Amino acid sequence: MKIAFGCDHGGFILKKEVLAYLDKNGHEVIDFGTNDEKSVDYPTYALAVAECVKDKKADLGILICGTGIGISIAANKVPGIRCAAVADTFTARATREHNNSNILAMGGRTMGPGLAVDIVDIFVNTPFSGDERHQRRIDMVTDIEKKYCK
């Protein structure tokens, strides 16, 4: 699987752990940075990953900032992106099974590497259920996006 990856300075410490997991499990990574803990603006990385996923240059995306919130908000401005800020394994599974989320956002300052790797493992290995009610809801969100995001 090809994964687009980006983080800001708040996610840099977790970045190494997540990239090691992805490499160990044979995933190809498109790394948009950042590459140190110097302060940067998270929208830069969110939009790079979101555009990559939207354009189908990657199957999924992973973003990490201090909390996962800001970077997810920025990514969700790109049409076709369903970025979920996740802090537990239940939500990681549900966001893929029920919402067919295509980008995972996490907080580098709110979780340790063990939990982050568990969340990533679940996210990349859980398929969308395809259940009619879930697809119907995704379609409703897509219709809203088409109406209001021109």
Side-chain angles (χ1 to χ4, degrees), residues 1-34 41-54 56-145 148-149:
M1 185 175 293
K2 191 180 285 190
I3 309 288
F5 186 92
C7 72
D8 73 355
H9 55 284
F12 180 70
I13 291 175
L14 273 189
K15 175 183 179 174
K16 293 180 264 184
E17 301 290 335
V18 171
L19 289 181
Y21 162 83
L22 293 171
D23 182 58
K24 176 182 170 190
N25 287 279
H27 298 288
E28 181 181 344
V29 175
I30 304 168
D31 185 356
F32 290 98
T34 192
D41 296 323
Y42 63 79
T44 302
Y45 305 96
L47 295 175
V49 168
E51 289 288 334
C52 186
V53 172
K54 178 193 78 157
K56 302 196 182 313
K57 294 177 182 172
D59 303 301
L60 295 172
I62 298 173
L63 294 166
I64 309 174
C65 71
T67 64
I69 297 168
I71 209 162
S72 69
I73 291 169
N76 279 318
K77 298 300 180 191
V78 175
I81 295 304
R82 291 174 309 283
C83 181
V86 173
D88 61 80
T89 56
F90 175 83
T91 306
R93 183 173 315 286
T95 196
R96 289 287 296 138
E97 285 180 350
H98 299 180
N99 308 112
N100 199 17
S101 293
N102 50 14
I103 298 179
L104 167 68
M106 297 185 294
R109 295 180 180 141
T110 62
M111 71 179 67
L115 178 57
V117 167
D118 288 347
I119 289 170
V120 168
D121 180 65
I122 290 166
F123 187 80
V124 300
N125 291 302
T126 301
F128 175 54
S129 71
D131 185 77
E132 185 276 330
R133 69 187 169 114
H134 298 309
Q135 186 60 57
R136 182 179 67 247
R137 293 168 184 162
I138 292 168
D139 292 343
M140 290 172 74
V141 170
T142 301
D143 289 345
I144 292 167
E145 183 178 77
Y148 291 102
C149 303

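On a predicted model such as this, the values are computed, not experimentally measured, just so you know.
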| query | Does some side-chain heavy atom of Val120 sit less than 4.5 Å from a side-chain heavy atom of Met106? | reply | yes

Can you give each donor-acceptor pair under 3.5 Å made by side-chain atoms of residues 62-82, sequence neighbours left out, with the distance rounded to 0.1 Å?
from: Thr67; atom 1: OG1; to: Ile69; atom 2: N; distance (Å): 3.1
from: Ser72; atom 1: OG; to: Gly68; atom 2: O; distance (Å): 3.1
from: Ser72; atom 1: OG; to: Ile69; atom 2: O; distance (Å): 2.7
from: Asn76; atom 1: OD1; to: Cys83; atom 2: N; distance (Å): 2.8
from: Asn76; atom 1: ND2; to: Ser72; atom 2: O; distance (Å): 3.1
from: Asn76; atom 1: ND2; to: Cys83; atom 2: O; distance (Å): 2.9
from: Arg82; atom 1: NE; to: Asn99; atom 2: O; distance (Å): 3.2
from: Arg82; atom 1: NE; to: Asn100; atom 2: O; distance (Å): 3.0
from: Arg82; atom 1: NH2; to: Asn100; atom 2: O; distance (Å): 2.7

| Rounded distance (nearest 0.5 Å) linking atom CE of Met140 with atom CG of Asp143 | 8.5 Å

| note | Taken in chain and number order and not counting sequence neighbours, the residues that satisfy side-chain contact (heavy atoms from CB on, under 4.5 Å) with Leu115 are Thr89, Met111, Ile119

| task | Locate the shortest heavy-atom distance separating Asp8 from Tyr42; write the atom from each residue and the value. | result | OD2-CB, 3.6 Å

| Where is the tightest heavy-atom contact between Val18 and Ala116, given as atom of each residue plus distance? | CG2-CB, 4.5 Å

| message | I'd like to know if the side chain of Asp88 reaches the main chain of Phe90, judged simply by a donor and an acceptor atom lying under 3.5 Å from each other, with no hydrogens or angles considered. | response | yes

| said: How close do Leu14 and Gly108 get, counting heavy atoms only, and between which atoms? | reply: CD1-CA, 3.7 Å

| query | Does Glu97 offer a backbone N or O that forms a donor-acceptor pair with the side chain of Thr126 under 3.5 Å? | reply | no

| request: Please report the closest heavy-atom contact between Cys52 and Ile30, naming both atoms and the distance. | output: SG-CD1, 3.7 Å

| remark: Here the salt bridge (Lys or Arg N to Asp or Glu O under 4.0 Å) pairs for residues 10-23, sequence neighbours left out, are Lys15-Asp31

| field | Gap separating the CG atom of Leu22 from the CZ atom of Phe5, nearest 0.5 angstrom | value | 7.5 Å

| task | Kindly compute the distance separating CD1 (Ile3) from CZ (Phe123), expressed to the nearest 0.5 Å. | result | 8.0 Å

| task | For Asp59, check side chain to side chain donor-acceptor pair (under 3.5 Å) against everything at least two apart and list the hits. | result | none

| remark: OG1 (Thr95) and CD1 (Ile122) are apart, to the nearest 0.5 Å, by 12.0 Å

| query | According to the salt bridge (Lys or Arg N to Asp or Glu O under 4.0 Å) rule, which pairs have a member within residues 112-141, sequence neighbours left out? | reply | Asp131-Arg133, Glu132-Arg136

| query | Closest heavy-atom contact between Ala4 and Phe32? | reply | CB-CE1, 4.0 Å

| CD1 (Ile13) with more than 12 external heavy atoms under 6.0 Å | no

| remark: Taken to the nearest 0.5 Å, the spacing of Lys56 NZ from Lys2 NZ works out to 13.5 Å

| Pairing residues for Lys57 by the salt bridge (charged side-chain N to carboxylate O under 4.0 Å, His left out) criterion, not counting sequence neighbours | none

| In this structure, are over 12 heavy atoms from other groups packed under 6.0 Å from Asn25 atom CG? | yes

